[in-house]
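Below, all heavy atoms of this structure are taken into account, side chains as well, without hydrogens, waters or symmetry copies. Note on naming: letters A, B, ... go to the chains in the order of the sequence lines (proteins, then strands), and numbering restarts at 1 for each one.
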Amino acid sequence: MRGIRKSFPGVVALDGVSLEVRAGEVHVLLGENGAGKSTLMKILSGALAKDDGEILLGGEPVSIPGPREAHERGIRIIYQELNLVPHLSVAENIALGREPGRLGWVDRRAQDHEARQRLGRLGVEIDPRAPVGELGVARQQMVEVAKALEGEPRIIVMDEPTSALTTTEIHELFATIERLTARGVAVVYISHRMEEVTRIGHRVTVLRDGRHVTTRAISEVTVAELVKLMAGREVTEHFPRRRTPPGEEVLRAEGLSRAGVLHDVSFTLRRGEVLGVAGLMGAGRTELARVLAGADRPDAGRVLVQGRPLAARGPKDAIERGLALLPEDRKTQGLVLGLSVRANVALPSLPRLAKLGVVDEAGESELAQRQTDDLRIRTTGLAQLVGQLSGGNQQKVVLGKWLAADVDVLLMDEPTRGIDVAAKVEIYELMNRLTAQGKAILMISSELPEVLGMSDRILVLARGRVAAELQARGATQEQVLAAALGQAS
Amino acid sequence: MSLASLKRQGRELGTLGGLLALGLLLTALTPHFLTVSNLLNVMEQTSINAVIAVGMTFVILSGGIDLSVGSLVALSGVVMASALHAGAPIPVALLAGLLTGAFCGLVNGSLVTLGRLPPFIATLGMMSVARGAALLFTDGRPVSGFDASFRSLATGRVLLVPVPVLITLAVYAVAHLVLTRTRFGRYVYAIGGNEEASRLSGVPVRFHKTMVYALSGLVSGLAAAVLTARLNSAQPIAGMMYELDAIAATVIGGTSLLGGQGRVSGTLIGALIMGVLRNGLNLLGISSFLQQVVIGLVIVGAVLFDSLLKTGERR
């Protein structure tokens, strides 16, 4: 790709970016959120049209007007937000767009056979007839990879493929990637996880603000250098947790149970504290947060806020008592993408801002302005639609809306997922500031270094039960992992 | 069999059970319900709504809605009738009516895909335009009086079975095969289930969406032919509110208004429930005002049942 340019209303997303990928290599694409990685890949795969520049394949200039043409030229892309049709079966999804059969009829036997064969090649066993919506995220990801193996792929782009995977699954995926590259397929790999990048990548290209910064062999650069190149400034990838002595108890869970997902979960949380919640996928972490936030009801047990039981009939009660959920999937559960930054930040505070049902617009703007300044949310203005912001800035808007509502306890579910290193550190710093102000944070995270680095105490869940409660200081990754796997020490 | 497909079957068996329960109830309440002639009569009366509802099911499965079908019935009917009066042979007149419906559907589809209009708006516009066109075309007067051979489209019987019933069954058989066995059917589900994923998988989304509306227009034309033959008259004000009956049949039949989920067999049962209900209420001598209330309650009840099933799953 040479001199690619693309602008959206109000933003230049790509300003003459070039990228050269060789057959059989894993080419890592790095950059902060909003650096233009996704836009570049969407142009390559025909999902977006470029304004200027050219694409060469095997030295030949080619035009890629749409996804179909990209596919014909051997370009496959696996998006971070999986693109599957939930009600269709695994085999139907794998075949989508290239169903076997003649004259418009679909040969379902051939389709199942093909699906089984491709899944077999990836070393996974999934029933080709199962509806995709019933599979877990990791299996859905494998379905996406199987779908990409159609025909003769030359380039496979993977956008944050591991963000929902467990360690074992990541190993499987990496083995698959190695098999692909051994066959001469080029893999473009987008990820924020530095340890993966150095493990799987051959060369790396760094983008910043829509511009090409550098392309180097992975063996020639250090992680610290890469982070610096991405951010354009010095960033420490450490966890800057400043622990404050905890205050009074603000949240207590007693014997929370919910059929099939939570069993007798109890813990306490004090002001100024960060309680990390670790565990494998399906251990009940998100379910716990949802029960605490009043989104789901427990079958047994109760939640006490500042000593008084919470009558959780819904999220509204929990919010009134000062509990706020920052959901894992901020796009669908945390934000209204089609509304402005101002409207999103003010949403939970509207009862306070409105007089006789009429929203005080000046007050709303002031409130939103305070949060955008405070959290350094990068926008073109308060009227900008949240859907146009980068991932890190979206997360800050979610945070800002709860801070504006003046909550005491923040339930953060994977607060730094899909956010680049620099923005992560900003989120960590905010967590420090909040705990210093006496707020309490419950942080669910799949990244062990983050759990160990940012928590005061760690609650480890396994199959819906509390497997261990550890002091973060002195705890090791091995300890947490052993507890999460159900091997209590 | 997977859990979800079991649930789907369960939903459909539930609708079928509802239809049978309704039948049993009416059999108990009136001796006039369970007779061969009455049942054939119900099916014949249901046929027009059932045929239109097939097209509606395709449109709703693809994630859209078509409000113009009632007006298209009127427009196709008057075109067909005028062609017959002008001396055109029956096949030519039929074709003219069908193509009128399909063409208007094509316009609907193009407005949705090329014009990026919401289906609600595009077809709302067509609803008014087609109705107005039918009135202009006939100067507001019905076009009446046709040969017996044309009327046999509605009055004819093959081995006792009325022709409209045969047409309906044929349309459903074809629609079922198209949805379950062909690429076109697969794409209708895929587009309704996740349009972006379909586009990125190389599915020609615009083409298929456009075709779905054209299909809806086409079957509206077919319904117009049956209606015109039955009444021996094509009225520019025919087909009022037919779009709502077709949507109701589709929804009672278990098709999700969000798209991507549903089957034509369910729609057929849905249309029959509405037909049987109307017929039964008539037999029982219940006023047409109260009938409206009952039918409204059934529509809401069926969907409420559905949504309760789903919340039950989630909890």
Margin query: For A:L84, which atoms come within 4.5 Å of any heavy atom of chain B: side chain, backbone, both, or neither?
Written below: backbone

Checklist line | Under 3.5 Å side-chain donor-acceptor pair for A:R98 and A:Q111 | finding: no

Next item on the list: Among the options A:R108, A:E69, A:R76, pick out the one with the most heavy-atom pairs lying under 4.5 Å from chain B.
Entry: A:R108

Checklist line | Check: B:H208 ring centre within less than 6.0 Å of B:F184 ring centre | finding: yes

Next item on the list: Could you walk me through whether B:S76 and B:T100 pass the side-chain hydrogen bond (donor to acceptor under 3.5 Å, both in side chains) test, one step at a time?
Entry: CA-CA 6 Å; B:S76 305; B:T100 303; 5.3 Å; no

Next item on the list: Return the option, out of A:N93, A:V85, A:L103, with the maximum number of heavy-atom pairs under 4.5 Å with chain B.
Entry: A:V85

Margin query: How close do B:Y242 and B:V73 get, counting heavy atoms only, and between which atoms?
Written below: CD2-CG2, 4.4 Å

